[in-house]
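Position 1 is the first residue of the sequence; numbering continues from there.
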Amino acid sequence: MSSFDPMRYAYSSHRNVVYARRAMACTSVPLGAELGLDVMRRGGNAVDAAVAMAAAMPLLEPTSNGVGSDSFALVWIERDKRLYGLNASGVAPTVLSLDVFREKRLAAVPHDGWLPTMVPGAPAGWAELNRRFGTMPLAELFAPAIGYARDGCPVPVEVGANWALGARRFERAAERDPAPYRAWFEAFTKPDGSPYRAGDVFRWTDFADTLEELAATGCESLYRGALAEKLVAFSRATGGYFREDDFANYRPEWVEPITTDYKGYTVCEIPPNGHGITALMALNILRGLPLPECRESADAYHKQMEAIKLAFEDAKAYVADPKCMKTRVEDLLSEGYVARRRALIGERAILPSAGDPSSGGTVYLCAADPFGNMVSYIQSNYMGFGSGVVIPGTGISLQNRGANFLLDPASDNCVAGGKKSYHTIIPGFLMKDGEAVGPFGVMGGFMQPQGHVQVIVNTVDYHMNPQECLDAPRMQWTGGRHIQLEREVPPHIAAALARRGHEVEILNVNSAMGRGQIIWRTENGLLIGGTEPRCDGAAAAW
C-alpha cells in the first residue's frame with residue numbers, strides 16, 4: 001500500500017490516523033486493543049494477540065459477543081507468504097428440523113430463546129488458532145480477561161447504550177417464557193434489576209471461572225467436558241434442543257479464502273456459509289464501471305448501491321452451508337456472470353432480483369506483529385446479546401445465528417439439524433502482488449459486505465488513509481429501492497439519488513452503519529491504522 005497524506009481529511013473527525021513501526025492492534029473497545037498490544041510487547045505474535053483479545057471481548061463488550069459466539073479469521077503468516085482462513089461457525093442441534101417449526105406454526109425462525117441457538121464455534125476457534133499458529137499458552141492469553149472479570153472493568157459509552165437496548169428486548173421475551181432468560185438477568189443486570197450503564201464497573205466471576213476452565217482444557221470442556229454437560233442439561237430442562245453429540249462432534253474448519261482482483265489489489269474473504277462473497281461480487285461489478293473522480297457525488301453513491309443490491313440478491317438466494325449449496329462460488333464470481341449483472345446498471349435505481357449463475361451483534365478486531373504476521377478476526381453473538389439464553393453459573397451467552405435460516409424447503413439455506421446457517425460476520429483482508437497489505441472489517445449484520453465494498457472503494461479508488469476511510473459517510477441498501485444515508489451525506493447528493501429513483505432515508509443515528517477497523521502496511525514498512533468513529537474503538541500502536 002502506498003503512503004497516505006496523514007493531514008488530508010475530506011471529513012470531519014475526532015481521530016487521527018495512527019502509525020506504528022512494530023505492531024498494532026485495533027478493536028471496538030480501547031481496553032481490548034491495549035490488551036492485544038501488550039501480548040505482542042511480551043513477545044507474542046499477532047495470532048496470540050487476536051486470541052487474547054477475542055477471549056476478553058465477551059467481558060468488554062457483552063452486548064455484541066460471548067463465549068457462545070461464532071467466529072471467522074483470516075491469518076497472514078509472513079514466513080509462508082500465505083493467507084489462511086478459519087471457519088469457526090456452529091451448527092444447528094441435530095434434532096432440530098423444519099417439522100419443529102411447522103408444529104409450532106412459525107413462519108420464520110424467532111430471534112430469542114432456544115430455537116435460533118447453534119453450537120458455539122468461537123472457543124474451538126481460539127484453541128485451533130492457538131494450536132496452529134500461537135506461541136503462548138491459552139492460560140497466559142486468557143489471564144488478563146480473567147483478571148478484569150474478577151476485579152471489574154468500566155463499561156464504555158456505546159456498550160452502555162446497547163446494554164439498555166438488550167435489557168428492554170429480553171424483558172419483553174421473558175414475559176412470554178421467563179425460564180430461558182433468568183440467567184441473562186442475573187448476569188447482565190445490577191442488583192436493583194437495571195442494566196449496566198456507561199461508567200459502571202462490571203464484574204463477572206462466572207465468566208472468569210469459565211475462561212479458567214477453557215484454558216485448562218484447551219477449550220475442550222465446552223465440547224467434550226463439564227461445560228458441555230452443563231449446557232446440555234440446561235437445554236433439556238428449559239425446552240432447548242441440544243444433545244451431547246452436537247458438541248462432541250463439532251470441529252472448526254480451515255478453509256481456502258476466496259478472492260477477486262480489484263484494480264490491481266486482491267480482496268480476500270471467507271467462503272460461504274459467510275456472505276463475504278457479496279462484497280467480492282459487488283466489487284467485480286464495480287471493477288467495470290467508471291467511478292467519478294469525486295467520491296462525494298451522486299454517481300459514486302448510485303453505482304456502489306446498485307452493485308451491492310445485485311450482489312446481495314444473489315447472496316441471499318445462493319449462500320448457505322457449503323455442503324448444501326447447489327450453486328458454485330466460481331460461477332457467482334465468473335466474469336461472464338458478472339458482465340450480465342453489470343449490464344443491468346443504468347442511470348435509474350433498479351428493483352433487484354437474483355440472477356441465474358448456473359451458466360455461470362458483532363466484534364471485529366485485527367492485529368499486526370513485528371514478524372510480519374497479520375490477523376483479521378470477527379466474533380459475534382448476532383443481534384446484540386444473541387438469543388438471550390445464558391447458561392447459569394457459566395457466563396456463557398448463546399448466539400442466535402439460527403435466525404438466518406429460512407423455513408422454505410426449496411432453499412439451500414432451509415433449517416436442518418447439524419447444518420450451518422447463512423452467516424453475516426466476515427473478516428476482510430487486502431493483498432497486492434502476493435504480499436499482505438492488511439486486515440480490515442466492518443461489523444454490523446447485513447451492513448458488513450456493504451461496508452467492505454465502501455472500505456475498498458474509498459481506499460483504492462479515492463486513496464483515503466484508513467481513518468479517513470472509516471470517517472467517510474456510509475450508505476446502506478435495505479431492500480427494494482430503499483437506501484439509507486448517514487446525515488453527513490451532502491443534501492444535494494441525497495436529492496440527486498431520489499431523482500434517480502432511490503427511496504432515500506436519512507439516518508440521524510448511525511449505529512446501524514457498522515463499526516470498522518483497518519491496519520495497512522505501507523511501502524516503507526510502517527503500519528497505519530484507523531478505528532471506527534461510530535463506536536468506542538481504538539488503534540493501539542507500538
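Each of Ser421, Pro272, Pro271 was checked for a side-chain contact (heavy atoms from CB on, under 4.5 Å) with Val319, and the lone residue meeting it is Pro272. The side-chain contact (heavy atoms from CB on, under 4.5 Å) test with Val67 singles out one residue from Leu222, Leu227, Leu59, and that residue is Leu222.
Counting only residues at least two apart or in different chains, salt bridge (Lys or Arg N to Asp or Glu O under 4.0 Å) contacts with residues 406-430 comprise Glu253-Lys420, Lys326-Asp412. Pairs passing the salt bridge (Lys or Arg N to Asp or Glu O under 4.0 Å) check and including a residue from residues 45-73, sequence neighbours excluded, read Glu61-Arg515. Among residue pairs with one or both ends in residues 100-113, those qualifying as side chain to side chain donor-acceptor pair (under 3.5 Å) are Asp112-Arg169; sequence neighbours excluded. Residue pairs meeting the salt bridge (Lys or Arg N to Asp or Glu O under 4.0 Å) criterion with at least one member in residues 238-250, sequence neighbours excluded: Arg236-Glu244. The list of salt bridge (Lys or Arg N to Asp or Glu O under 4.0 Å) pairs with a residue in residues 267-283, not counting sequence neighbours, is empty.
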Determine whether Gln399 and Ser69 satisfy the following criterion, side chain to side chain donor-acceptor pair (under 3.5 Å), listing intermediate values before the conclusion. CA-CA 5 Å; Gln399 37 91 330; Ser69 283; over 6 Å; no
Report the C-alpha separation of Tyr337 and Asn284 in whole Å, then their side-chain angles, then the decisive distance to 0.1 Å, and conclude whether the side chain to side chain contact (heavy atoms under 4.5 Å, CB included) test is met. CA-CA 10 Å; Tyr337 183 60; Asn284 280 350; over 6 Å; no
Show the numbers, then the answer: is there a side chain to side chain donor-acceptor pair (under 3.5 Å) between Thr424 and Arg401? CA-CA 9 Å; Thr424 63; Arg401 282 290 164 185; 2.7 Å; yes
Can you list the steps and then say if Tyr262 with Leu280 is a side chain to side chain contact (heavy atoms under 4.5 Å, CB included)? CA-CA 9 Å; Tyr262 186 73; Leu280 301 187; over 6 Å; no
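The structure places CG of Leu31 at 6.5 Å from SG of Cys153, a figure rounded to the nearest 0.5 Å. To the nearest 0.5 Å, atom CZ of residue Arg481 and atom CD of residue Glu306 are 9.0 Å apart. Taken to the nearest 0.5 Å, the OG atom of Ser89 stands 4.0 Å off from the CZ atom of Phe72. Distance CD1/Ile426 to CD1/Ile277: 11.0 Å, rounded to 0.5 Å. Atom CG of Leu407 sits about 6.5 Å away from atom SG of Cys414, to the nearest 0.5 Å. Here NZ of Lys309 is found 10.0 Å from OG1 of Thr478. Values are rounded to the nearest 0.5 Å.
Taking Asp209 as the reference, Arg150 meet the salt bridge (Lys or Arg N to Asp or Glu O under 4.0 Å) condition, with sequence neighbours excluded. Scanning for salt bridge (Lys or Arg N to Asp or Glu O under 4.0 Å) contacts around Glu313 gives Lys316, with sequence neighbours left out. With sequence neighbours left out, Tyr223 forms a ring-ring contact (aromatic ring centres under 6.0 Å, His included) with Tyr250. When the ring-ring contact (aromatic ring centres under 6.0 Å, His included) test is applied to Tyr364, no partner is found at least two apart in sequence or on another chain. Remark: Asp206 pairs with no residue by the side-chain hydrogen bond (donor to acceptor under 3.5 Å, both in side chains) rule, at least two apart or across chains. The ring-ring contact (aromatic ring centres under 6.0 Å, His included) check on Phe133 picks up Tyr84, Trp254, with sequence neighbours excluded.
For the pair Asp536 (side chain) and Pro156 (backbone), a donor-acceptor distance under 3.5 Å is absent. Put simply, the side chain of Gln476 never gets that close to the backbone of Gln450: no donor and acceptor are under 3.5 Å apart. No side-chain donor-acceptor contact under 3.5 Å links Thr210 to the backbone of Phe207. With hydrogens and angles ignored, the 3.5 Å screen pairs no side-chain donor or acceptor of Asn130 with any backbone N or O of Gly134. In this structure a side-chain-to-backbone donor-acceptor pair under 3.5 Å is present from Asn65 to Met57. Under a 3.5 Å cut-off, the side chain of Ser380 and the backbone N or O of Ile425 do not form any donor-acceptor pair. Not a single donor-acceptor pair under 3.5 Å links the side chain of Thr362 to the backbone N or O of Met443.
A centroid separation of less than 6.0 Å is found between the aromatic rings of Phe247 and Phe242. Less than 6.0 angstrom separates the ring centroid of Phe188 from the ring centroid of Trp204. The aromatic ring centres of His275 and Phe312 sit less than 6.0 Å apart.
For the residue pair Asn87 and Asn273, a side-chain donor N or O sits within less than 3.5 Å of a side-chain acceptor on the partner. Using modelled atom types, one finds no donor on one side chain facing an acceptor on the other under 3.5 Å when comparing Trp114 with Ser235. The closest side-chain donor-acceptor pair between Thr217 and Arg224, if any, does not fall under 3.5 angstrom.
Under the 30°/60° scheme for interplanar angles, the aromatic rings of Phe170 and Phe385 are found to stand perpendicular.
A salt bridge is defined here as a Lys NZ or Arg NE, NH1 or NH2 lying under 4.0 Å from an Asp or Glu carboxylate O, and Glu532 with Arg474 meets this definition.
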Which pairs of donor and acceptor atoms, one on a side chain in residues 137-144, lie under 3.5 Å apart (sequence neighbours left out)?
unit_1 : atom_1 : unit_2 : atom_2 : d
Glu140 : OE2    : Arg42  : NH1    : 3.0

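Side-chain contact check for Leu86 versus Arg132: every heavy-atom pair is 4.5 Å or farther apart.
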